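Reviewing the structure listed below.
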Amino acid sequence: MKQIINDLIAQALCALQQASQIPADLKIDIQVTPAKDASQGDFASNVALTLARTAGMAPRALAAAIVERLPADASVARVEVAGPGFINFFVTSGTSQAVLQRIREQGDRFGASEIGLGQKIQVEFVSANPTGPLHVGHGRGAALGATIANLLAFVGFEVQKEYYVNDAGRQMHILGTSVWLRYLELCGETVVFPGNGYQGDYIWDIAATLHRQNGERLRRSVEQVFSEVTADAPAGDKEKHIDDLIANAQKLLGTDDYRTVFDLATTTLVDVIRVDLEAFGVVFDRWFSERSLADEGLIEQAITRLQNNGHLYREGGALWFRSTAFGDEKDRVVKRDNGQTTYFASDIAYHMNKFDRGFDKVINIWGADHHGYIARVKASLNALGYQPDDLEIQLVQFANLFENGEKVSMSTRSGEFVTLRQLREDVGLDAARFFYVMRKAEQHMDFDLDLAREQSSDNPVYYLQYAHARICSVQRQCAEKGIVSDLENVQPARLDNAHEQALIKQLSLFPERVEVAALRREPHQVVNYLRELANLFHSWYNAHQFIVDDAELRDARITLALATGQVLRNGLGLMGVSAPDKM
RNA sequence: GCGCUCGUAGCUCAGAUGGAUAGAGUGUUGGCCUCCGAAGCCAAAGGUCGUGGGUUCGACUCCCGCCGAGCGCGCCA
């Protein structure tokens with residue numbers, strides 16, 4: 001419908017140009033938006049206002065001229081010039097009611113489109129270090145990423161969801177060593193656990209597995225393990241302390257056995273994370289290992305390419321990438337003076353690999369604390385000859401958890417945090433998913449645990465689910481009363497009151513809102529849309545009886561109710577929230 | 001100090017590319033169930049859009065300064 005109006009205006013402007021009433025070289029940009037108020041019709045355009053200056057006409061006069069030249073169209077009932085020069089379009093009721101038939105035909109696919117057809121897009125999200133179970137801080141990225149991926153797939157993109165597993169690097173060595181120390185304790189050694197080690201209970205679980213699988217084979221004496229180790233804080237240096245312990249572990253266990261411990265810790269935690277995410281309704285297409293980048297020589301390959309392109313230089317024994325040449329605020333080290341490549345080097349190789357896999361667009365969903373990396377990663381893509389704009393970083397602000405009106409504080413290292421699993425078991429999957437995507441990603445968000453937990457009208461997710469359950473209930477009522485509806489030959493013209501008109505219009509706007517939400521990566525748009533939809537439905541429900549004696553009217557109303565239920569299902573489905581038949 | 005993300009009703013938040021009277025939920029106040037689910041509906045009250053300038057027919061939106069919040073500024077990952 002929007003497109004039709006757009007075309008009509010374009011034709012009118014064209015006619016005006018031919019009549020030389022407006023300049024022929026006028027740059028035309030037509031905007032048509034759904035009207036915000038029924039008194040302003042169904043759609044409105046501000047062309048007359050935007051064009052007024054360059055056309056050299058007063059906005060209202062231009063609007064009138066456009067309206068005069070507007071070709072007739074069966075779907076447009078009436079056109080008005082209003083306010084400072086808006087053109088309001090009133091659509092014929094038959095036209096808007098056609099959406100009911102479309103919803104019936106398309107069902108679960110209503111709202112889907114093909115605007116992304118033929119384009120491969122990757123969404124990488126969560127990608128938390130596998131050093132512990134996911135906590136509530138990861139939940140927002142998980143919910144947003146999954147919903148954005150659903151939206152993109154719904155509008156036709158070929159979407160791949162990826163999790164980047166940071167299975168290399170110091171944090172993982174700390175993890176492995178933490179497990180081994182707990183294992184030694186299980187063997188009967190008395191260990192003073194490092195303050196910087198991972199202290200969560202899950203470390204004990206992995207250590208127990210290690211003990212079960214290897215017996216005492218990996219046991220070493222505490223004297224050996226702690227020999228020549230820098231003292232721990234507060235007297236010593238907690239960083240050096242843990243690094244020394246790692247070095248001793250590698251020396252005492254040897255390459256293969258150290259790897260056994262390390263790999264057990266990693267794979268166990270990746271499994272824990274995967275299971276947690278699946279229970280959260282988030283399934284990844286690929287788990288990409290950071291270690292594989294080095295194993296397959298991709299890091300060296302990336303560095304070589306940068307070198308060949310003349311973007312590297314050596315200074316102080318290290319190899320630097322001149323990222324400042326591409327807008328970064330300082331140059332970055334890719335290979336340290338000890339020969340080890342940096343995390344950033346892995347990142348370069350990883351992103352190079354992403355684009356080499358043929359994605360037209362790559363979306364990274366990052367926590368806001370990583371914003372400092374945007375410039376350097378884009379700089380590296382630039383230097384490698386890729387289009388940096390094809391990488392899109394969606395930052396997600398932290399969600400503060402509130403309980404009893406107080407902020408819940410957390411720390412991964414100390415093992416004091418609310419896990420994603422606990423949250424889900426506490427407030428339920430639907431409320432958890434819904435709350436995370438309710439606000440736009442850039443907005444700092446307060447997650448009210450008490451509210452999410454509440455099974456009452458205060459909880460916004462129930463408002464939508466209740467509307468759906470009510471619709472299903474109407475169906476049940478019909479069945480109980482033995483009413484059989486003829487939905488093939490409904491008379492939508494019978495839906496003529498203001499509530500019904502408003503509801504029908506809202507239903508017709510769903511595809512557009514989905515499109516906007518997908519293209520702008522803004523799931524909260526769907527939430528807001530569904531809230532409006534549910535509100536219109538509830539109002540209608542309260543004002544009118546559906547199951548009436550007049551069969552024709554009854555069928556028409558049931559058709560509208562079912563269409564509303566369908567759209568609620570489709571919208572909630574995109575967010576991974578269920579649409580219950582009863583509650 | 002520099003950079004990023006923000007600042008909208010008592011509280012939690014919507015308001016894309018500048019457009020009509022700045023909206024919702026919650027809370028407060030007052031109404032609505034002999035009727036398909038009251039986890040609902042209707043109404044009222046509630047705002048110098050952090051602040052001071054600027055750009056123009058028009059600014060919550062764009063530009064500059066200031067105030068406040070969160071987060072970043074390693075040869076860590």
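Note: hydrogens, waters and symmetry copies are ignored here, and every other heavy atom, side chains too, is used. Being a predicted model, the structure only gives us computed values, none of them experimental. Just so it is clear: chains get the letters A, B, ... in the order the sequence lines come, proteins before strands, and each one is counted from 1.
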**Q.** Backbone of A:Gly195 reached by a side-chain donor or acceptor of A:Gln199 within 3.5 Å
**A.**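 Present.
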
Would you mind reading off the distance between [X] atom [atom1] and [N] atom [atom2], rounded to a whole angstrom?
{"X": "A:Arg531", "N": "B:rC13", "atom1": "CZ", "atom2": "P", "value": "12 Å"}
{"X": "A:Trp366", "N": "B:rA77", "atom1": "CH2", "atom2": "P", "value": "15 Å"}
{"X": "A:Leu293", "N": "B:rA77", "atom1": "CG", "atom2": "C1'", "value": "14 Å"}
{"X": "A:Asn535", "N": "B:rU26", "atom1": "CG", "atom2": "C1'", "value": "14 Å"}
{"X": "A:His241", "N": "B:rC76", "atom1": "NE2", "atom2": "P", "value": "20 Å"}
{"X": "A:Arg520", "N": "B:rU17", "atom1": "CZ", "atom2": "P", "value": "8 Å"}
{"X": "A:Asn459", "N": "B:rA24", "atom1": "CG", "atom2": "C1'", "value": "16 Å"}
{"X": "A:Lys335", "N": "B:rC76", "atom1": "NZ", "atom2": "P", "value": "15 Å"}

Please determine, for the side chain of [X], which listed nucleotide ([options]) has the closest atom?
{"X": "A:Tyr463", "options": "B:rC13, B:rA20, B:rG40", "answer": "B:rG40"}
{"X": "A:Trp320", "options": "B:rC75, B:rG15, B:rC41", "answer": "B:rC75"}
{"X": "A:Lys582", "options": "B:rC6, B:rG37, B:rG15", "answer": "B:rG37"}

Return the polar atom pairs (N/O with N/O) between nucleotides 67-74 of chain B and the protein under 3.5 Å, or none.
unit_1	atom_1	unit_2	atom_2	d
B:rC71	O2	A:His371	NE2	2.9

(Q) Expected output check: what is the dot-bracket annotation of RNA chain B, where ( ) and [ ] are pairs inside the strand (brackets for crossing ones), | is paired with another strand, and pairs are Watson-Crick or G-U under 3.5 Å? (A) (((((((..((((.....[...)))).(((((.......))))).....(((((..]....))))))))))))....

Q) Is B:rC62 syn or is it anti, if syn means the base angle is within 90 degrees of 0? A)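 Anti.
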
(Q) For RNA chain B, which residues of residues 536-545 of chain A approach it to below 4.0 angstrom with any heavy atom? (A)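 Those residues whose heavy atoms fall under 4.0 Å from RNA chain B, taken from residues 536-545 of chain A in numerical order, are A:His538, A:Ser539, A:Tyr541, A:Asn542, A:His544, A:Gln545.
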
Q.
Could you check whether the side chain of A:Asp167 and the base of B:rA77 have a donor-acceptor pair of N or O atoms closer than 3.5 Å, going by distance alone?
A.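 Between B:rA77 and A:Asp167, which were checked side chain against base, a qualifying N/O pair under 3.5 Å is absent.
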
Q: Taking atom CG of A:Asp550 as the centre, report whether more than 12 heavy atoms of other residues, nucleotides or ligands fall under 6.0 Å from it.
A: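 Atom CG in A:Asp550 is packed in, count exceeds 12.
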
Q | Upstream residue (5' side of RNA chain B) when A:Tyr343 and A:Ala44 are each assigned their closest nucleotide | A |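 Checking each residue's closest nucleotide, the 5'-ward one belongs to A:Ala44.
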
**Q.** Closest-nucleotide ordering on RNA chain B, the 5'-leading residue of A:His524 and A:Ile547
**A.**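 Final value for this comparison: A:His524.
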
